[in-house]
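Here the structure is laid out as structure tokens; the discussion comes afterwards.
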Number of protein chains: 2
Amino acid sequence: MLVRIDPDSPAPLHAQISAAVRRGIAVGEIAPGERLPGARDLAAALGVNLHTVLRGYQELRAEGLVELRRGRGAQVRTDAAPAVAALRQAVHALVGEARRLGLSATEVTEMVREAMA
Amino acid sequence: MLVRIDPDSPAPLHAQISAAVRRGIAVGEIAPGERLPGARDLAAALGVNLHTVLRGYQELRAEGLVELRRGRGAQVRTDAAPAVAALRQAVHALVGEARRLGLSATEVTEMVREAMA
DNA sequence: AACTTGTTCTAGTCTGCATAGAACAGTTAG
DNA sequence: CTAACTGTTCTATGCAGACTAGAACAAGTT
């Protein structure tokens with residue numbers, strides 16, 4: 001599992017970290033049940049603070065993609081199927097673009113509903 | 001042309017302003033060639049600083065959506081084609097992925113609705 | 001029991017956001 | 001031409017979030 005970070009990016013480091021893992025799951029680089037690198041290890045590898053990595057991991061947990069337990073580390077949930085992760089990413093991209101355009105939730109969902117019909 | 005702002009949103013005010021105008025152009029509320037409200041007026045109407053509005057306007061200029069000139073104000077460029085193309089692309093990608101997974105329209109729209117919240 | 005790993009807490013620095021006021025330079029209207 | 005309007009530029013200040021840092025703690029593994 002490879003996580004790359006761009007310190008010059010306007011995107012927060014923790015967001016970059018969670019995005020990298022998210023993508024890894026979506027593309028299949030990371031298998032369900034697989035353990036992510038320890039927060040302290042990854043932090044050292046990226047030249048970043050422990051708390052920054054932890055925050056990224058906790059974002060993934062909030063999305064239901066990984067489980068975090070002391071002593072065991074971060075583990076990709078078995079029900080976090082790659083396809084689902086891919087879908088989640090597609091939703092993410094759409095929502096991001098919609099936000100950029102300032103569209104409301106109903107406007108976007110209406111577009112999706114039409115496209116699905 | 002209506003511009004609404006949420007001071008409690010994590011999104012910067014200048015981004016919210018540019019997004020509102022962007023949306024107006026995308027949806028057709030604002031016609032090409034139309035003049036946007038003066039920065040000082042809009043700032044007063046929104047209870048926001050002049051510089052904040054100006055920054056939003058300048059973002060739109062950087063995207064080639066509007067022209068800014070002293071004395072004349074902000075004008076929507078006639079060739080400001082709806083940037084909705086990117087949005088439609090995102091919708092297309094999402095729908096394709098959702099179909100591949102056999103998800104229903106309501107399931108997908110619900111995911112989008114959640115992600116937009 | 002020793003070690004690992006996430007959790008929580010406090011605290012400090014730094015950057016971007018937003019505000020504020022002023023002076024300036026094209027543009028338009030009277 | 002003059003006056004009013006509008007974006008441009010400059011300096012300065014307060015604030016919140018991001019990131020770092022160090023420490024102590026709790027649950028799990030070996």
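From a predicted model like this one, the values you see are computed outputs, not experimental measurements. A note on names: the letters A, B, ... follow the listed sequences, proteins ahead of strands, and every chain is numbered from 1. Values below: all heavy atoms of this structure, side chains included; hydrogens, waters and symmetry mates excluded.
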Quickly work out the [X] [atom1] to [N] [atom2] distance and round it to whole Å.
X       : N      : atom1 : atom2 : result
B:Tyr57 : C:dA18 : OH    : P     : 16 Å
A:Arg61 : C:dG6  : CZ    : P     : 11 Å
A:Leu54 : D:dC19 : CG    : P     : 14 Å
B:Arg55 : C:dT19 : CZ    : C1'   : 13 Å

Atom pair OG1 (B:Thr106) and CZ (B:Arg113), whose distance is rounded to the nearest 0.5 Å: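 Spacing of OG1 (B:Thr106) from CZ (B:Arg113) equals 11.0 Å.
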A:Gln89 side, atom CD; A:Arg22 side, atom CZ - distance, nearest 0.5 Å: 8.0 Å
A:His92 vs A:Val95, side chain to side chain contact (heavy atoms under 4.5 Å, CB included): CA-CA, chis, key distance, verdict: CA-CA 5 Å; A:His92 222 266; A:Val95 169; 6.0 Å; no
Evaluation steps, side chain to side chain contact (heavy atoms under 4.5 Å, CB included), between A:Ile30 and A:Leu36: CA-CA 9 Å; A:Ile30 314 176; A:Leu36 297 180; 4.1 Å; yes
Sugar-phosphate only, base, or nothing, as touched by A:Leu68 at under 4.0 Å among non-hydrogen atoms: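 The residue A:Leu68 makes sugar-phosphate contact but no base contact.
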Where B:Met116 and A:Val108 come nearest, the two heavy atoms and their spacing: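 Closest heavy-atom pair between B:Met116 and A:Val108: CE-CG2, 4.1 Å.
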Any residue meeting side chain to side chain contact (heavy atoms under 4.5 Å, CB included) with A:Arg77, in chain and number order, not counting sequence neighbours: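 Per chain and number, A:Arg77 pairs via side chain to side chain contact (heavy atoms under 4.5 Å, CB included) with A:Glu67, A:Asp79, A:Ala80.
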Side chain to side chain contact (heavy atoms under 4.5 Å, CB included) involving A:Arg61 - partner list, sequence neighbours excluded: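 A:Gln58, A:Val66, A:Leu68.
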Nucleotides 20-30 of chain C: protein proximity per nucleotide (B base, S sugar-phosphate only, - neither; heavy atom, under 4.0 Å): BB---BBSS--
Min side-chain heavy-atom separation A:Glu34-A:Gln75 under 4.5 Å: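 SC-SC contact between A:Glu34 and A:Gln75 ruled out.
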B:Arg23 side chain near B:Glu29 side chain, heavy-atom distance below 4.5 Å: yes
Could you list the donor-acceptor pairs under 3.5 angstrom formed by side chains in residues 47-54 of chain B, with sequence neighbours left out?
residue : atom : partner : partner atom : Å
B:Asn49 : OD1  : B:His51 : N            : 2.9

Stretch residues 11-19 of chain B: residues that reach within less than 4.0 Å of DNA chain D through a heavy atom: none
Bend angle of the helix from C:dA1-D:dT30 to C:dG30-D:dC1, end axes from five pairs each (to 10°):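 If I round to tens, the end axes sit 40° apart.
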Distance below 4.0 Å between A:Thr52 side-chain N/O and D:dT20 OP1 or OP2: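 Yes, because at least one side-chain N or O of A:Thr52 sits under 4.0 Å from OP1 or OP2 of D:dT20.
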